[in-house]
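Structure record follows, encoded as structure tokens.
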2 protein chains.
Amino acid sequence: MTAPQQERSKATRLRLLEAAVDCLAEKGWSGTTVAIVARAAGVSRGAAQHHFPTREDLIAGALEFATETQLIENRARAATLPEHGLTRVEAVVNMLVDIYVGPYFRAALQVWVAASADPSLHARVQPLEARLGRAIHHVAVELLRADERKPGVRETIQGTLDMARGFGLATVLGDDSARRRPIVRQWARVLAGVLGEQ
Amino acid sequence: MTAPQQERSKATRLRLLEAAVDCLAEKGWSGTTVAIVARAAGVSRGAAQHHFPTREDLIAGALEFATETQLIENRARAATLPEHGLTRVEAVVNMLVDIYVGPYFRAALQVWVAASADPSLHARVQPLEARLGRAIHHVAVELLRADERKPGVRETIQGTLDMARGFGLATVLGDDSARRRPIVRQWARVLAGVLGEQ
DNA sequence: AGATAAAATCAAGCGCGCATGCTGGTTTTG
DNA sequence: CAAAACCAGCATGCGCGCTTGATTTTATCT
């Protein structure tokens with residue numbers, strides 16, 4: 001055959017990861033069983049067991065996959081940002097917020113919260129979260145063209161990211177977009193002030 | 001006996017709720033089984049079943065208990081706040097943040113995240129969250145002596161609360177207090193500026 | 001090159017452990 | 001004596017991990 005099974009294997013593995021991420025975002029931690037994920041991916045449970053020996057392997061793999069996908073999407077979107085001024089700041093904040101209210105974050109949230117009580121999972125997840133956090137911070141600084149040497153700038157950006165995280169958390173309880181909009185707008189104004197003062 | 005069983009019943013019920021909250025905060029959603037909670041409360045599983053027919057009843061009750069306890073503690077702590085000026089603003093922000101990094105919030109977080117994929121639980125939990133959110137916002141406005149008619153004031157306070165929520169979320173992945181402190185300090189400065197400008 | 005061994009991929013079934021909910025029975029209170 | 005609070009055991013269901021077996025691809029030897 002022209003298609004080596006190596007490719008096919010990678011494909012099913014990827015389908016499993018995608019299905020796991022979707023399942024986590026939709027059905028939550030307890031609702032994400034290997035059987036359900038396997039069925040959603042269109043493979044048997046044995047196949048899933050082969051690629052990911054344990055459930056924890058599957059979940060951790062899904063989180064890693066979601067993390068990297070998130071970063072890639074960010075880079076793509078960063079190129080489409082508007083010019084300068086306040087509208088750019090607001091656009092950046094909106095983009096950061098969108099990261100934390102999207103499906104990838106919802107999936108990650110389930111894993112993080114579950115990992116807080118699961119030492120073994122925590123050990124695998126914590127470095128991923130740290131890496132993602134640093135990466136997003138770096139992106140934020142770059143897109144805002146911020147000078148972190150100015151006092152307060154770094155802290156305010158960190159606070160902005162934490163606010164976005166808070167939005168993400170609020171979103172799991174229900175659609176929050178209407179409440180978010182004016183807050184983001186006001187926050188962008190304040191942030192622009194901090195960035196440009198003096 | 002001098003102690004009517006009504007009191008004893010209320011007492012065991014309360015012990016169950018306390019144990020459930022602790023268990024949620026420590027062992028997470030999946031780790032909180034009725035058997036474990038009952039043992040921690042010092043009662044048999046059958047007794048727990050008697051007071052809370054279903055597990056969902058127990059969890060929902062625990063969340064409600066945690067919510068009210070949280071509000072009561074807030075009122076107590078609000079009386080001990082310092083005088084005026086920036087230190088007061090910083091103290092208020094610190095107090096708000098402490099709400100979201102405390103054990104009650106950790107317990108609530110587990111329930112909220114789980115409820116996002118459980119419609120039946122979601123229906124019972126969502127109004128609680130809304131009530132708590134409004135209450136905390138009200139407390140914040142009052143303690144900051146903010147004039148919400150001023151443009152941007154209301155939005156900035158909401159953003160502050162969302163940032164605090166984000167801190168709480170970051171805390172489940174590991175102790176974050178060292179990172180938080182400078183952010184809170186800086187944000188208090190900014191918040192004071194927004195509150196007092198013009 | 002051809003054949004056979006070895007390894008990888010996928011499918012299906014089994015058993016263990018555990019949590020929930022229910023039911024019957026016992027003690028305490030009014 | 002009636003009712004409520006409390007306790008012990010049973011039964012069902014389900015998710016996980018493991019084992020077995022079939023099919024395909026890759027590697028090795030003659």
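Just so we're on the same page: letters track the sequence lines, and every chain starts at 1.
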Can you check whether H50(B) has a side-chain N or O nearer than 4.0 Å to OP1 or OP2 of dA5(D)? yes
Which ones in residues 52-62 of chain A lie close to DNA chain C, meaning a heavy atom under 4.0 Å from one of its atoms? none
Any donor-acceptor N/O pair, R15(A) side chain to A41(A) backbone, under 3.5 Å: yes
Hits for salt bridge (Lys or Arg N to Asp or Glu O under 4.0 Å) against E68(A), two or more places apart or cross-chain, chain-then-number order -> none
Sorted by chain and residue number, the side-chain contact (heavy atoms from CB on, under 4.5 Å) partners of A35(B) (sequence neighbours excluded) come out as T33(B), R45(B)
When hydrophobic residues are tied together by side-chain contacts of less than 4.5 Å, even through go-betweens, does L17(A) share a cluster with V34(A)? yes
Any donor-acceptor N/O pair, R124(B) side chain to G61(B) backbone, under 3.5 Å: no
Under the salt bridge (Lys or Arg N to Asp or Glu O under 4.0 Å) test, residues paired with D22(B) that sit two or more places apart: none
Flag yes if L161(B) and M95(B) sit in one hydrophobic cluster, no otherwise; membership is Ile, Leu, Val, Met, Phe, Trp, Tyr, and two members link when side-chain heavy atoms are under 4.5 Å apart. yes
Which residue pairs pass the ring pair (Phe, Tyr, Trp, His ring centres under 6.0 Å) test with at least one member in residues 117-175 of chain B, sequence neighbours excluded? none
Rounded to the Å, how far apart are R13(B) CZ and dA4(D) P? 16 Å
Residue list, side-chain contact (heavy atoms from CB on, under 4.5 Å) with T54(A), at least two apart or on another chain: E56(A), D57(A)
Residues in salt bridge (Lys or Arg N to Asp or Glu O under 4.0 Å) contact with E18(B), at least two apart in sequence or another chain: none
Pairs involving residues 16-75 of chain B, ordered by first then second residue, that meet ring pair (Phe, Tyr, Trp, His ring centres under 6.0 Å) (sequence neighbours left out): none
If you round to the nearest 0.5 Å, how far is NZ of K150(A) from CG of L195(A)? 7.5 Å
Got a sec? Which of residues 118-126 of chain A come in under 4.0 Å of DNA chain D, heavy atoms? none
Distance-only donor-acceptor hits, side chain of residues 96-109 of chain A, under 3.5 Å, sequence neighbours excluded:
unit_1	atom_1	unit_2	atom_2	d
D98(A)	OD2	R77(A)	NH1	3.1
D98(A)	OD2	R77(A)	NH2	2.9

End-to-end bend of the helix from dA1(C)-dT30(D) to dG30(C)-dC1(D) (five-pair axes, 10° rounding)? 10°
CG of L16(A) versus C1' of dT9(C): gap in Å, rounded? 12 Å
Taking only heavy atoms on the protein side, list every residue of residues 18-46 of chain A lying under 4.0 Å from any atom of DNA chain D, sorted numerically. T33(A), V34(A), R45(A)
According to a strict under-4.0 Å criterion, is H51(B) in side-chain N/O contact with OP1 or OP2 of dC6(D)? yes
NZ of K10(A) versus C1' of dT9(C): gap in Å, rounded? 13 Å
